[in-house]
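A, B, ... follow the sequence lines: proteins, then strands. Residue 1 opens every chain. Only a predicted model underlies this, so the values are computations on that prediction, with no experimental measurement involved.
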Amino acid sequence: MLAAHSAWAVWHTLRVRFERDVARIVFNDNTEALEQVVLAAGLSLDSLRSDLAKAPSLPASAPYLVISIADRRLWYKQGDSVLFTAPVATGSGKHLVLKGANKVLRFETPRGRLEVQRLDSAPAWIPPDWHYQEQANKRRLGLVQLVRGKPLVLKDGSQITVRGNDVVRVTAAGEVRPLTASDGREIVADGRIVIPPFGTNQRRYRDVLGSFRLYLGDGYGIHGTNNPASVGQAVSHGCVRMRNEDIAYLYHTVGLGTPVYIY
Amino acid sequence: MRGRRRTILLVLCLVTLLGVEGALAWRRAAYRAETARLREGMTELERRRADAIVAADAEGAQLRLSIAQRQARGDDALHLAVHLDSGYVALDRGSARLRVMPARIGPARRVGLPPDTMHMAPPLGLRALTTVLGGRDSLELPVWLWADRGLPAPAQRAQPGWTGPLALVTSGGTLLYSLPTSGPLADSSYVMPGAIRLEAADLRAIRENLAPGMRVYFY
């Protein structure tokens with residue numbers, strides 16, 4: 001406090017000295033110095049006022065979301081005020097080399113300005129193809145793509161095929177049994193992970209994204225989780241993961257079009 | 001013993017500050033007395049002229065501050081805003097405040113040894129980020145820094161890490177640094193005149209967002 005007061009005292013003294021200097025110059029009618037002081041003091045105030053008029057006016061204070069990747073935390077703010085804050089999980093930063101595509105995926109949360117494009121309740125996760133490759137790598141299994149209308153014939157004579165919206169197993173005896181799939185428990189047949197076609201129930205994981213999602217575009221979103229212990233860590237594939245109670249608050253509070261700043 | 005030394009140091013600091021305040025108050029009284037004497041000898045027109053200049057100077061400073069603030073708040077690209085009076089640096093984008101980082105602002109004062117002296121103060125207005133320095137990078141520090149710290153200047157004035165784990169340099173040479181573990185700036189009680197010191201953790205948190213050319217507003 002004393003240091004702040006000292007700084008103020010210095011500034012105030014300089015101000016008083018400036019007044020003395022001006023008085024001296026005016027009293028002595030020192031035309032040259034007077035011109036300089038007038039210029040420096042901004043008797044060109046008109047140009048400054050015009051600059052101020054041209055400068056953009058301060059925008060209205062709409063609420064926005066801020067996510068710090070380093071701190072793994074989200075803030076819901078309005079102006080400088082924090083309305084809500086909670087921990088999050090962010091991208092792991094790991095790499096995945098896509099076989100055959102000569103492409104490397106990096107699981108990072110994107111930095112920049114995004115926007116809440118959609119608010120989803122009970123969102124399902126439609127795993128992309130790389131998810132199956134990641135699982136296959138992890139479990140040292142092969143990979144096979146299931147195509148509608150082209151059954152996979154297995155070694156035991158049974159078949160895996162699509163009936164309606166379900167991936168089913170048809171035994172040699174003709175018995176039909178729908179298969180189940182979830183994150184980490186994909187369909188495995190003859191040592192290969194089966195990639196179900198889009199649009200089947202086996203390609204929809206219902207519990208992975210928790211209760212709500214704020215969709216941000218390009219496959220990214222802020223969503224809940226079925227693994228709350230992971231919140232606070234760098235473990236996701238790029239999405240921002242929150243505890244279900246926190247995402248529920250945002251789902252009921254944040255409006256469509258709300259800017260999301262990730263840094 | 002340690003506690004006693006700290007108390008003595010604190011008392012010395014207080015006495016010094018009070019001494020400086022006293023000297024400043026005395027100077028202000030002298031300036032005011034001289035101003036009053038000069039004004040007595042002026043015509044009414046001259047007095048009004050002097051008042052107009054002083055008022056214009058104050059208004060000009062206020063206008064410059066407002067322009068810088070509006071420009072910073074209207075800047076839709078990611079930028080840094082250095083609030084010299086409030087002692088913090090903000091990572092802003094448009095009117096959104098992404099991060100507020102407490103900062104220690106280096107004092108404005110005359111540095112160097114006569115006759116080679118200069119006035120160092122944090123700048124005002126718009127600058128651009130020119131360099132981002134990591135802990136292994138080195139930056140040649142000005143020779144006056146050692147004189148300011150009462151140390152002899154070494155032949156080699158640049159060593160890796162002397163500006164802390166992360167540091168930024170803006171156009172015009174203003175340094176925004178973090179506390180280093182070695183070198184002339186490795187003193188938590190000292191901030192280089194005209195420079196800004198931030199927490200290393202804050203600089204690390206925004207590191208990936210910093211790139212040369214990024215705008216830095218000082219106001």
Fill in: Max heavy-atom pair count under 4.5 Å with chain B, selected residue of A/R24, A/R15, A/R20, A/Q78
A/R20
Worksheet item: Would you say the side-chain atoms of B/Y177 pair up with the backbone N or O of B/L185, donor to acceptor, closer than 3.5 Å?
Response: no
Worksheet item: With distance as the sole test, does B/R197 use its side chain to make a donor-acceptor pair with the main-chain N or O of B/Y190 at under 3.5 Å?
Response: yes
Worksheet entry | Under 4.5 Å from any heavy atom of chain B - which part of A/S68 | side chain
Discussion item. Go through it in stages, so that I can follow the logic: the residues are B/E44 and B/R48, the test is salt bridge (charged side-chain N to carboxylate O under 4.0 Å, His left out), and I'd like the CA-CA distance, side-chain angles, deciding distance and then a yes or no.
Written reply: CA-CA 6 Å; B/E44 183 57 31; B/R48 268 195 256 154; 3.8 Å; yes
Worksheet item: B/D92 and B/Y217: side-chain hydrogen bond (donor to acceptor under 3.5 Å, both in side chains), yes or no, with the steps?
Response: CA-CA 10 Å; B/D92 287 349; B/Y217 295 87; over 6 Å; no
Practice prompt. Output the option from B/A55, B/P107, B/A50 having the highest count of non-hydrogen pairs under 4.5 Å with chain A.
Written response: B/A50
Worksheet item: Tell me, side chain or backbone of A/F27 under 4.5 Å from chain B's heavy atoms, or both, or neither?
Response: both
Worksheet item: Is atom CG of B/L45 surrounded by more than 12 heavy atoms (other residues, nucleotides or ligands) closer than 6.0 Å?
Response: no
Practice prompt. Pick one of side chain, backbone, both or neither for A/R17, based on which atoms fall under 4.5 Å of a heavy atom in chain B.
Written response: both
Discussion item. Just so I understand: if I count every heavy-atom pair under 4.5 Å between each of B/T43, B/T35, B/L91, B/L98 and chain A, which residue has the most?
Written reply: B/L98
Worksheet item: Does anything in residues 113-128 of chain A get under 4.5 Å of chain B by heavy atoms, and if so which residues?
Response: A/R113
Practice prompt. Would you please classify the geometry between the A/F212 ring and the A/Y251 ring as parallel, tilted or perpendicular, with 30° and 60° separating the classes?
Written response: parallel
Response to the item:
Greatest number of non-hydrogen atom pairs under 4.5 angstrom with chain A, of B/R204, B/R27, B/R99, B/M42, falls to B/R99
Discussion item. Heavy-atom pairs under 4.5 Å with chain A: which of B/E208, B/R47, B/R207 has the most?
Written reply: B/E208
Practice prompt. Could you check whether the rings of A/Y249 and A/Y76 sit parallel, tilted or perpendicular, using 30° and 60° as the cut-offs?
Written response: perpendicular
Worksheet item: Which atoms of A/V16 come close to chain B, meaning under 4.5 Å heavy atom to heavy atom: side chain ones, backbone ones, both, or neither?
Response: both
Discussion item. Could you go through A/S230 and A/R241, starting from their C-alpha distance and side-chain angles, then the distance that decides it, and tell me whether this counts as side-chain hydrogen bond (donor to acceptor under 3.5 Å, both in side chains)?
Written reply: CA-CA 8 Å; A/S230 67; A/R241 201 184 285 179; 2.8 Å; yes
Discussion item. If the test is side chain to side chain contact (heavy atoms under 4.5 Å, CB included), which one of B/L175, B/L129, B/L176 qualifies with B/V169?
Written reply: B/L175
Worksheet entry | Atom CD of B/E199: over 12 foreign heavy atoms under 6.0 Å | no
